[in-house]
There are 2 protein chains.
Amino acid sequence: MAKPVDPLKFWTEGTPMVPAAPIVNCPIATSLGVLGKKWTLLIIRDISMRKIERFSDLLKSVNGITPRVLSTRLKALESDGYIHRAEVQKTPKVVRWALTEKGWDALPILMSYVAFGSKWHADIVFADGQRRDITDVYPQSNLRNLEVSLDKKAW
Amino acid sequence: MAKPVDPLKFWTEGTPMVPAAPIVNCPIATSLGVLGKKWTLLIIRDISMRKIERFSDLLKSVNGITPRVLSTRLKALESDGYIHRAEVQKTPKVVRWALTEKGWDALPILMSYVAFGSKWHADIVFADGQRRDITDVYPQSNLRNLEVSLDKKAW
DNA sequence: CCGCATCCGGTAAGATACTG
DNA sequence: CAGTATCTTACCGGATGCGG
């Protein structure tokens, strides 16, 4: 039943760009475990970008999430190595959820959504409703090529 | 009930990187409509990277999806402007699903997952099980900085 | 209080069959 | 070929409870 995975190529105007590495399983499908579930990226967003690290604070910052789902996601994220749990204090119990190196490496994924939203949902995202390139949202960083070049002249 | 959206910052070792643009709604949460649902990214992957554009072919290529869900996703993707439907021929009916410009702009999101999977799921993704940087998977493209620089020296 | 666990009803997803 | 129709199952949202 093991279906051979055909290489993932970019296609632009009939021109394929074949991967240079021998891919035997789709890296996208493989990455879409916990990361692909509802709420997960927003939890990582708040831990990484907003420094919100406690259960009750995440409950407030991730708008709409319920304690049940938050608890479930935190456990899954922990067992998959994205975050780790630190009991900072007991009575009253204080738990801190922090990103691991793997968790931090999910930030480019978040940023690709930021870039997409800044272009295609500018009316909702920005006060002035103007489209922005990611480099105009975070100019200090070096996010130059987050926009994958689909210009066929590039290859 | 409208909660004010605090700016999305990068945090590295206590150093925040504040966005230069006035964000009033989270671009990540806003982008996670159809895109955030199960199967959606894999459908876009196959249309964009594998040139699989027909219903029955997608049914085979997106491993595990059912016709009901595929139909639902294609409709949602269409109404949200990511793809469009073209009836190429009737009797026998042939339908082609193609990406719009908006749909093509989702490719950086896919690539960020490719990059993540190439690093953190290399044992599953690659035949030799070796970690790879995205620039080694697609050297011909200019994906240099898909790995968001989290080096604090960068700002 | 904080950090969850439990229970319950609704909705989305899986399995399979079927139609124009 | 390109989807529907139908049924079952898994997951999610909402309220509540409970130990430390």
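In what follows, chains are A, B, ... by sequence order, proteins preceding strands, each numbered from 1. Source: prediction; values computed, not measured.
Taking atom CD of residue A:E53 and atom P of nucleotide C:dC2, one finds them 16 Å apart after rounding to whole Å. Taking atom CD1 of B:I52 as the reference point, atom C1' of D:dA2 lies 16 Å away to the nearest angstrom. Between the CG atom of A:L74 and the P atom of C:dC4 there is a distance of 8 Å, given to the nearest Å. Taking atom NZ on A:K75 and atom P on C:dG3, their separation rounds to 14 Å, with Å as the unit. With rounding to whole Å, B:K90 atom NZ is found 13 Å from D:dG3 atom P. Rounded to a whole Å, the CG atom of A:L59 is 11 Å from the P atom of C:dC4. Rounded to an integer number of Å, the gap from B:L70 CG to D:dG3 P is 8 Å. One can place CG of A:L58 at 13 Å from P of C:dC2, the figure rounded to the nearest angstrom.
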>> Between B:I47 and B:I44, does the side chain to side chain contact (heavy atoms under 4.5 Å, CB included) criterion hold? Intermediate values first, please.
In response: CA-CA 5 Å; B:I47 299 179; B:I44 295 179; 5.9 Å; no
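Taking only side-chain nitrogens and oxygens, B:S71 never comes nearer than 4.0 Å to OP1 or OP2 of D:dA2. Under 4.0 angstrom from either OP1 or OP2 of D:dC1 there lies no side-chain N or O belonging to B:R54.
Using a cutoff of 4.0 Å between basic side-chain nitrogens and carboxylate oxygens, B:K119 and A:D105 are scored as salt-bridged. Comment: B:E87 engages B:R85 in a salt bridge, judged by a side-chain N to carboxylate O separation of less than 4.0 angstrom. Ion pairing between B:R132 and B:D136 fails under the 4.0 Å rule for side-chain N and carboxylate O. Taking 4.0 Å as the cut-off between side-chain N and carboxylate O, A:K60 and A:D57 count as a salt-bridged pair.
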Just the atom pairs and distances: protein N or O near nucleotides 18-20 of chain C's N or O, under 3.5 Å.
none

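Side chain of B:S71 to backbone of B:P67: no donor-acceptor contact under 3.5 angstrom is found. Of the possible donor and acceptor atoms, none in the side chain of A:R50 sits under 3.5 Å from a partner among the backbone N and O of A:L58.
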> Nucleotide by nucleotide, 5' to 3', does protein get under 4.0 Å of the base (B), only the sugar-phosphate (S), or neither (-) in nucleotides 7-17 of chain C, counting heavy atoms?
Replying inline: B-----BBB--
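Heavy atoms of B:R85 sit under 4.0 angstrom from primed sugar atoms or phosphate atoms, though from no base atom.
Remark: the A:T30 side chain and the A:N25 side chain contain no N/O donor-acceptor pair separated by less than 3.5 Å.
Between A:Y82 and B:F116, the angle of the ring planes stays under 30°, which puts this pair in the parallel group of the 30/60° scheme.
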